[in-house]
Amino acid sequence: MGERTCIAMVPSPGLSHLIPLVEFAKRLVLQHHNLNVTFLIPTLGSPTPSTLAILNSLPPNIDFTILPQPQVNMQDLPENKQPATRMKLIVKHSIPFLCEALKSLASHTHLVALVYSVFSTDAHHVAKQFNLLSYVFYASGAVSLSFCLSLPKLDETTSNEFFLDSTNTVNVPGCVKPFKVKDLPQPVFCERSSETYKSYFDVCQTLSLVDGVIVNTFTDLEPNVIRALQEREGPCVYPVGPIIQTKSSNEVNGSMCMTWLDNQPPTCVLYVSFGSGGTLSYDQFIELAFGLELSGHKFLWVVRGPNDYPASAYFIGEKEEDPLTYLPNGFLDRTKGQGLVVPSWAPQIEVLSHGSIGGFLSHCGWSSTLESVVNGVPMIAWPLFAEQKMNAIILNDELKVALRPMVDESGIVKREEIAKIIKRVMEGKEGLEMRKRMNEFSDAAAFALGEHGSSMRALSSLTTEITKHLNGI
């Protein structure tokens with residue numbers, strides 16, 4: 001009778017998956033004090049200081065266990081492999097440790113459900129083995145979720161050659177316009193016999209087998225897609241977002257950034273960041289630097305060293321060298337009064353909520369997108385990998401809260417184009433209209449999370465299902 005009710009959560013490796021799952025857990029236990037959450041964390045290598053900072057600041061009814069490192073041959077994880085494939089392999093090799101951890105949890109708690117990130121779907125079979133409810137926490141938006149759920153049918157009805165023709169289009173349930181093949185996530189371009197494709201396809205298949213999908217979005221942001229997801233046969237879909245951090249977990253460069261922003265006029269600064277691991281090629285890096293300078297607008301740029309592989313820093317970490325050494329000669333001196341350049345990291349939550357920020361040049365990762373929405377900041381959409389091109393299209397074409405720069409025939413956005421798009425966002429009527437629409441979504445996000453909001457109702461529906469299962473045991 002004295003056993004506490006427990007939900008286990010398994011994040012995919014990487015901060016961009018850990019952070020929203022932690023924030024969801026906080027919201028869950030805040031609304032339902034009788035629940036406890038235990039994180040079971042797969043890893044390959046020691047946890048980073050940022051990871052430890054997040055885990056060590058968890059509230060009392062959330063705890064964690066870092067699973068032992070699996071014996072994975074590093075030859076199986078080449079650096080140029082898709083981050084998603086690498087994450088999934090690490091989780092797959094950690095399943096024996098996950099089983100032992102769940103067995104231990106079940107021995108002293110009333111363990112009722114297993115919630116896991118999208119690239120930890122190998123945990124689904126473990127959940128069923130332990131007679132637990134099985135939920136995927138989908139950290140991206142409803143559009144990419146809808147595509148994932150439709151991929152098995154697409155796989156049946158098309159050949160691999162279909163995805164090699166960039167002029168082909170794909171209808172995604174709930175979306176008004178079809179997506180061009182070139183804007184879909186990269187794994188679909190791989191040979192169907194490849195590990196990358198098979199890994200991604202397995203994730204998409206498993207999404208239809210779970211008891212529910214918890215998605216980090218809200219109804220007013222993606223109404224048509226959410227309606228399509230909730231009307232289709234399959235697992236329940238719970239839009240509980242926007243789930244974002246309320247405070248940055250790392251204070252590196254924090255004081256410098258905020259002091260500089262405090263001295264700038266309202267809505268005059270463009271914030272430039274490509275997330276926790278996005279990188280540009282050297283040529284594109286140089287063009288961006290000159291484009292920022294040429295625009296004449298104030299900017300705060302989080303600089304990461306260039307790399308031809310756009311997700312390089314996401315999973316294999318930063319190089320030890322100073323990324324500022326790659327800047328054009330004299331750039332820092334010429335832009336001293338115009339911009340602030342910081343290496344590798346900035347307190348994005350605090351930056352985007354600052355009154356001097358007037359725009360956000362972003363890779364369109366979903367967490368960054370939601371942070372921009374919550375703070376009412378219009379965007380320049382510069383997608384790099386994963387589902388980011390799909391996000392960029394929705395932000396630009398449908399929601400009309402972002403502009404997307406033109407890429408030339410060599411695949412580079414030139415400095416003149418960068419300067420032009422910055423001016424369009426930061427000046428005049430077009431930028432003002434985008435900011436107005438973003439503020440409307442910001443208000444809608446706040447309402448969704450309120451007592452009678454759509455996201456709060458979805459969370460209540462989820463916990464009702466969990467309680468039913470608990471009482472039925």
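All figures in this text were calculated on a predicted structure; none of them were measured in a lab.
With ring centers used as reference points, Phe285 lies under 6.0 Å from Trp301. Checked against the 6.0 Å centroid threshold, Phe137 and Tyr116 do not count as a close aromatic pair.
Lys414 meets the side chain to side chain donor-acceptor pair (under 3.5 Å) test with no other residue; sequence neighbours excluded.
Between Pro323 and Ser344 the shortest side-chain heavy-atom distance falls below 4.5 Å. Here the side chains of Leu459 and Tyr238 are not in contact, with every heavy-atom distance at 4.5 Å or above. Counting heavy atoms from C-beta on, the side chains of Phe218 and Val373 come closer than 4.5 Å.
Within 6.0 Å of CZ in Phe447 there are 12 or fewer heavy atoms belonging to other residues, nucleotides or ligands.
Closest of all the heavy-atom pairs between Phe39 and Pro11 is CD2-CD, 4.0 Å. The two atoms that bring Leu324 and Pro343 nearest to each other are CD1-CB, 3.7 Å, heavy atoms only. Heavy atoms only, all atoms of each residue included: Ser134 and His124 are closest at OG-ND1, 2.9 Å. Counting all heavy atoms, side chain and backbone alike, Leu55 lies closest to Ile66 at CD1-CD1, 4.4 Å.
A donor-acceptor contact closer than 3.5 angstrom is absent between the side chains of Ser372 and Thr369. A donor-acceptor contact closer than 3.5 angstrom is absent between the side chains of Glu371 and Asn375. Under 3.5 Å, the side chains of Glu350 and Ser248 contain a donor-acceptor pair of N or O atoms. In this model, no donor atom of one side chain and acceptor atom of the other lie less than 3.5 Å apart for Ser367 and Ser16. Residues Thr217 and Tyr138 have side chains that never bring a donor and an acceptor to within less than 3.5 angstrom of each other.
Residue pairs satisfying the side chain to side chain donor-acceptor pair (under 3.5 Å) criterion with at least one member in residues 260-271, sequence neighbours excluded, are listed as follows: Asp262-His354, Gln264-Lys298, Tyr271-Gln348. Residue pairs meeting the salt bridge (charged side-chain N to carboxylate O under 4.0 Å, His left out) criterion with at least one member in residues 20-37, sequence neighbours excluded: Glu23-Lys26.
A salt bridge between Arg437 and Glu440 is absent, with no side-chain N of the basic residue lying under 4.0 Å from a carboxylate O of the acidic one. Taking 4.0 Å as the cut-off between side-chain N and carboxylate O, Glu433 and Lys436 do not count as a salt-bridged pair. Salt bridge Asp397/Lys177: absent, no basic N to carboxylate O contact under 4.0 Å.
Taking the six-membered ring for Trp and thresholds of 30 and 60 degrees, His17 and Phe119 have ring planes more than 60 degrees apart, a perpendicular arrangement.
Looking at Val341, Ile422, Thr335 one by one, the single match for side chain to side chain contact (heavy atoms under 4.5 Å, CB included) with Leu292 turns out to be Ile422. When Lys423, Arg435, Arg424 are each tested for a side-chain hydrogen bond (donor to acceptor under 3.5 Å, both in side chains) with Glu430, only one passes: Arg424.
Although no hydrogens or angles enter the test, the distance criterion places a donor-acceptor pair under 3.5 Å between the side chain of Ser57 and the main chain of Ile54. No side-chain donor-acceptor contact under 3.5 Å links Asn61 to the backbone of Asn36. Judged purely by atom type and a 3.5 angstrom limit, Arg86 has no side-chain atom pairing as donor or acceptor with the backbone of Pro13. Checking side-chain atoms of Ser281 against main-chain N and O of Gln284 turns up a donor-acceptor pair under 3.5 Å. Of the possible polar contacts, one joining the Glu417 side chain to the Met406 backbone as a donor-acceptor pair under 3.5 Å is found. Using modelled atom types, no side-chain atom of Thr65 and backbone atom of Leu67 make a donor-acceptor pair closer than 3.5 Å.
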- [ ] Start with the C-alpha distance between His297 and Gln338, add both sets of side-chain angles, then the distance that settles side-chain hydrogen bond (donor to acceptor under 3.5 Å, both in side chains), and finish with yes or no.
- [x] CA-CA 7 Å; His297 278 276; Gln338 179 186 353; over 6 Å; no
TODO: Using the side-chain hydrogen bond (donor to acceptor under 3.5 Å, both in side chains) rule, take Tyr197 and Asp202 through it: C-alpha gap first, then chi angles, then the decisive distance, then the call.
DONE: CA-CA 8 Å; Tyr197 182 84; Asp202 180 68; over 6 Å; no
